[in-house]
Each structure stands twice: as structure tokens, then as C-alpha cells.
Amino acid sequence: MRRGIASVVGLRLASTELPRGTNRPILVRPRPAILVRSLAGRRVAGVHRFGKRIAIEFDDDETRPRQWLVIEPRMTGMLLIGRPPTDAHVRIVLGFASRKVPRLLFWDRRGLGTARLLDEAGLQAACGPTKLGPDALGVSAADLQTRLSRSRRAVKVALLDQRVVAGIGNIYAAEILSLAGVDPRVACRRLSGADWDRIALASRTILADAVSHEGSSLGDATYQTPDNRFGSFQDHHRVYGRENQPCHDCGTLVVRFVQAQRATFFCPACQWRPRRRRVRLQQTD
DNA sequence: CGTTCAACCTGGGCGC
DNA sequence: TGCGCCCAGGTTGAAC
């Protein structure tokens, strides 16, 4: 998404529109009238990604400090230079005086996304290390181990915590643990160093692979790149969305269950619980 | 500290 | 065809 909108860098804003949402408008800060005025005539100095968030950076000028429009697409939000899937649900239209890139849209069907114009301190508070852990595309086993080795949380739930590691969502948490061969239900403190090695490697591998396939475009969240290409990573999913279908590695049927109010998919044969260290009573069968 | 639940929304899919 | 449910790449805060 970030790379797809990089062509707006250097362009100057000619207009900002916030079309009325159907029911409730998406969360925009500051309120629309002020946001529009704050953005008028600004030049885009850069586009950045912090975990799942995109930050469009605007130069400072005589009256205004350097600021960042931080966009959280959440479930169905997309940044588009091309056409929106529907005319409804266009939330923000940034117009540029450019033939090549006349506009950048934030489209969000469900409207759960947010957009906030922040100064340096606000950016730090929203996207700094207190809110976001190391990026999942480059996370190391040591990063994960120092944050989670004493945690009692189930490893899949912990991987979804953006303060632990930034950028892993529900699809990729399942895919990462599948590749790593780790049971999503296991408490973090039960995992070994070798487990963390495999999880960190799987995180980097799965996300790099997903990015190169331009994401997963499935039913609800039909992701499109900013220039309207659909992702294809859904065709490479090991477990996500594959309930009752055979595991590609062993043929066992993929299981779906709910964990922290989110669907979890895993192969119960390839992703086993580690044996408890505590001695168990002998079974007398 | 960890888990569960509700809330914020729209719309596709499914069973009846 | 219509209706009611369940489900969905997310985050937050309250309650237990």
C-alpha cells in the first residue's frame, strides 16, 4: 500500500474533500473543517509505514509545522489512486495538481478506519515504540523472546498485539504459526528458543511473501493495490480460510476455532502442543 | 496479568 | 424472494 502511493511524494495538495458517510463518518482528527484548512496547499514530503498504519508526511511552511496524516485502514480501508470499488464509502479525497496522479482516495466500506493529522509529538505517541513493537518484516527471535518469554498468553493472541510486534494481523498470525509448526494455543512461556527462532523466521518469510503477492484478496476484505490490482496471496494460504481442507504437508484436515474473538486456523498434526515438562501420572490403562 | 465482551460499521453468504 | 443470522485482513476500553 505504501509503495503504491509513493508517486504522490513531491505533489502539492489542491483540494481535500471528506464526503459524507452513510451513517457515521470515519473517525477523523481534527474535525473536518479544521483538517481541510490544515491541509490546504501542503506539499507531500514522504509516505511512510508504521506497522499497519500509513503516514503521509507534509512539509512545514510559514504558519504550519511538519505534520503527518496517519491512516489506519483497519478491516476494509484502502488507499487508492485508481477507481474505488464503489462510489459509496469514499471517505477522503486528496486532490493534486498533477495529471499523472490527480487524486488519492481513502475508501473504507465498513468505516472502521481512522485518519489523524498529527505533529511530531503526535506521530511519536501514535506510532512510536510505546504503541508499536519491532516491525514484523524484520523481527528477530530475540525481539520476540524478550517480550514474550514470560507471558502466559496464547502465542497467537500475543502475535496480534501490535505493541509486541507491529504488522501481524489475523490471517498472517495463522500463516506464521503454521509455517513455524507451532500450536496457536500454547502459552508463550512454554515455547523454546528454537520455537522463537522458527516463529521469527516465519514472520519475516510469510510477510515478505504476502507483500510480494500483493496481499490476500478474499471475500470480505477484498484488498486492492492503489492501482486496482488484486492480491493473490490467498492462493498460497497454508491454513487461513481452509477449515476442513487437507493440510498441504500432512493431509490432516485444517481446524478452525475461536481465540480472543477471532477465527484461528491450524493443522492439529503439524502444529502440536509441546509436552509439558512436569511429570504426569502414569496412565494405568 | 489475562480473558471476555461490546462497540464501531457494511454487506456477502447461508439456511429456512 | 425475503429474512435473520453468522461472518469478516482491527482496535479500544470496561468488566471480571
Side-chain angles (χ1 to χ4, degrees), chain A residues 1-2 19-29 49-54 70-79 84-91 106-116 125-127 130-133 136-137 147-178 184-190 203 206-207 209-211 213-225 230-244 256-265:
Chain A
M1 197 181 267
R2 189 200 68 77
R20 299 282 305 171
T22 356
N23 259 339
R24 147 195 160 280
I26 62 160
L27 176 70
V28 169
R29 292 275 146 76
R49 178 183 68 82
F50 300 100
K52 301 177 184 174
R53 296 155 196 191
I54 296 284
V70 174
I71 292 178
E72 261 189 56
R74 302 213 180 164
M75 304 283 267
T76 52
M78 291 190 274
L79 288 168
T86 64
D87 288 337
H89 311 312
V90 173
R91 310 294 178 157
F106 181 51
W107 181 91
D108 185 2
R109 196 185 70 192
R110 287 174 71 179
L112 301 177
T114 69
R116 291 173 293 169
C127 298
T130 59
K131 283 287 176 67
L132 301 178
L137 277 156
R147 286 171 174 75
L148 296 176
S149 61
R150 287 170 305 281
S151 168
R152 298 170 186 273
R153 294 154 93 188
V155 59
K156 192 257 190 171
V157 177
L159 290 180
L160 289 175
D161 184 341
Q162 302 301 299
R163 290 166 305 188
V164 169
V165 51
I168 298 175
N170 202 39
I171 290 181
Y172 300 120
E175 294 299 302
I176 288 164
L177 292 177
S178 167
R185 300 166 295 187
V186 173
C188 291
R189 65 202 302 232
R190 299 251 168 255
S203 173
I206 289 288
L207 289 178
D209 218 15
V211 170
H213 287 91
E214 313 205 278
S216 305
S217 299
L218 355 126
D220 179 61
T222 302
Y223 176 71
Q224 293 183 31
T225 60
F230 291 102
S232 61
F233 194 67
Q234 68 279 3
D235 301 332
H236 301 265
H237 285 178
R238 302 168 56 87
V239 289
Y240 188 89
R242 299 192 60 246
E243 183 181 20
N244 289 331
R256 174 191 185 277
F257 71 103
V258 174
Q259 211 175 9
Q261 285 69 246
R262 315 294 304 278
T264 296
F265 297 86

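Chain letters run A, B, ... following the sequence lines, proteins first and then strands; every chain starts at 1.
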With P as the reference atom in both, quote the distance from dC5(C) to dA6(B) in angstrom, rounded to an integer.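 My reading of the P atoms in dC5(C) and dA6(B) gives 15 Å.
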Which value, in whole Å, describes the distance between the P atoms of nucleotides dC5(B) and dC6(C)?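 Approximately 14 Å lies between the P atom of dC5(B) and that of dC6(C).
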For DNA chain C, what residues of residues 152-170 of chain A have any heavy atom nearer than 4.0 Å? Gln162(A), Gly169(A), Asn170(A)
Strictly distance-based, threshold 3.5 Å: is any side-chain N or O of Arg91(A) a donor or acceptor partner for the main-chain N or O of Arg109(A)? yes
Please check this pair: side chain of Gln162(A) against backbone of Leu160(A), looking for a donor-acceptor N/O pair closer than 3.5 Å.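 Side chain of Gln162(A) to backbone of Leu160(A), a donor-acceptor pair under 3.5 Å: yes, one is there.
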Closest approach of [X] to [Y] (non-hydrogen atoms, all atoms of both residues):
X: Cys127(A); Y: Val70(A); value: SG-CG1, 4.1 Å
X: Gly113(A); Y: Arg74(A); value: CA-CG, 4.1 Å
X: Ala173(A); Y: Ile168(A); value: N-CG2, 3.5 Å

From [atom1] of [X] over to [atom2] of [N], roughly how many Å is that when rounded to an integer?
X: Arg150(A); N: dC1(B); atom1: CZ; atom2: P; answer: 11 Å
X: Glu243(A); N: dC14(B); atom1: CD; atom2: C1'; answer: 14 Å
X: His89(A); N: dC8(B); atom1: NE2; atom2: P; answer: 17 Å
X: Ile26(A); N: dA7(B); atom1: CD1; atom2: P; answer: 22 Å
X: Asp108(A); N: dG10(C); atom1: CG; atom2: C1'; answer: 11 Å
X: Phe265(A); N: dA8(C); atom1: CZ; atom2: P; answer: 7 Å
X: Phe257(A); N: dT4(B); atom1: CZ; atom2: C1'; answer: 15 Å
X: Arg262(A); N: dT12(C); atom1: CZ; atom2: C1'; answer: 13 Å

Output yes when at least one side-chain N/O atom of Ser151(A) is less than 4.0 Å from OP1 or OP2 of dC1(B), else no.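 No, Ser151(A) has no side-chain N/O under 4.0 Å of OP1/OP2 on dC1(B).
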Does OP1 or OP2 of dA8(C) have a side-chain N or O of Arg256(A) closer than 4.0 Å? yes
So Thr114(A), base contact, sugar-phosphate only, or nothing? Heavy-atom distance under 4.0 Å. nothing
Which part of the nucleic acid, if any, lies within contact of Gln261(A), taking any heavy atom under 4.0 Å across all strands shown: a base, the sugar-phosphate backbone alone, or nothing? base
Write out the stems for DNA chain C, ordered by first number and formatted as range with range, counting runs of at least 3 consecutive Watson-Crick or G-U wobble pairs under 3.5 Å.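 Counting only runs of 3 or more consecutive pairs, the stems involving DNA chain C are B:2-8 with C:10-16, B:10-16 with C:2-8.
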Mind checking whether His89(A) and Trp107(A) have parallel, tilted or perpendicular rings, split at 30° and 60°? perpendicular
Ring geometry between His237(A) and Tyr172(A) (parallel below 30°, tilted from 30 to 60°, perpendicular above 60°):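 Tyr172(A) vs His237(A) ring planes: perpendicular.
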Counting side-chain heavy atoms from C-beta on, which of [options] comes nearest to [X]?
X: Arg109(A); options: dT10(B), dC5(B), dG10(C); result: dT10(B)
X: Arg110(A); options: dA8(C), dG2(B), dT11(C); result: dA8(C)
X: Lys52(A); options: dT11(C), dG11(B), dC7(C); result: dT11(C)

Please name the residue in the list Arg116(A), Arg29(A), Lys52(A) that meets the salt bridge (Lys or Arg N to Asp or Glu O under 4.0 Å) test with Glu72(A).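 Going through Arg116(A), Arg29(A), Lys52(A) one by one, the salt bridge (Lys or Arg N to Asp or Glu O under 4.0 Å) with Glu72(A) is satisfied by Arg116(A) alone.
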Enter the distance from Asn170(A):CG to Lys156(A):NZ here, rounded to the nearest 0.5 Å.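 Asn170(A) CG to Lys156(A) NZ: 4.0 Å, rounded to 0.5 Å.
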Between Arg153(A) and Asp161(A), does any NZ, NE, NH1 or NH2 come within less than 4.0 Å of an OD or OE carboxylate oxygen?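 A salt bridge is present here (some side-chain N lies under 4.0 Å from a carboxylate O).
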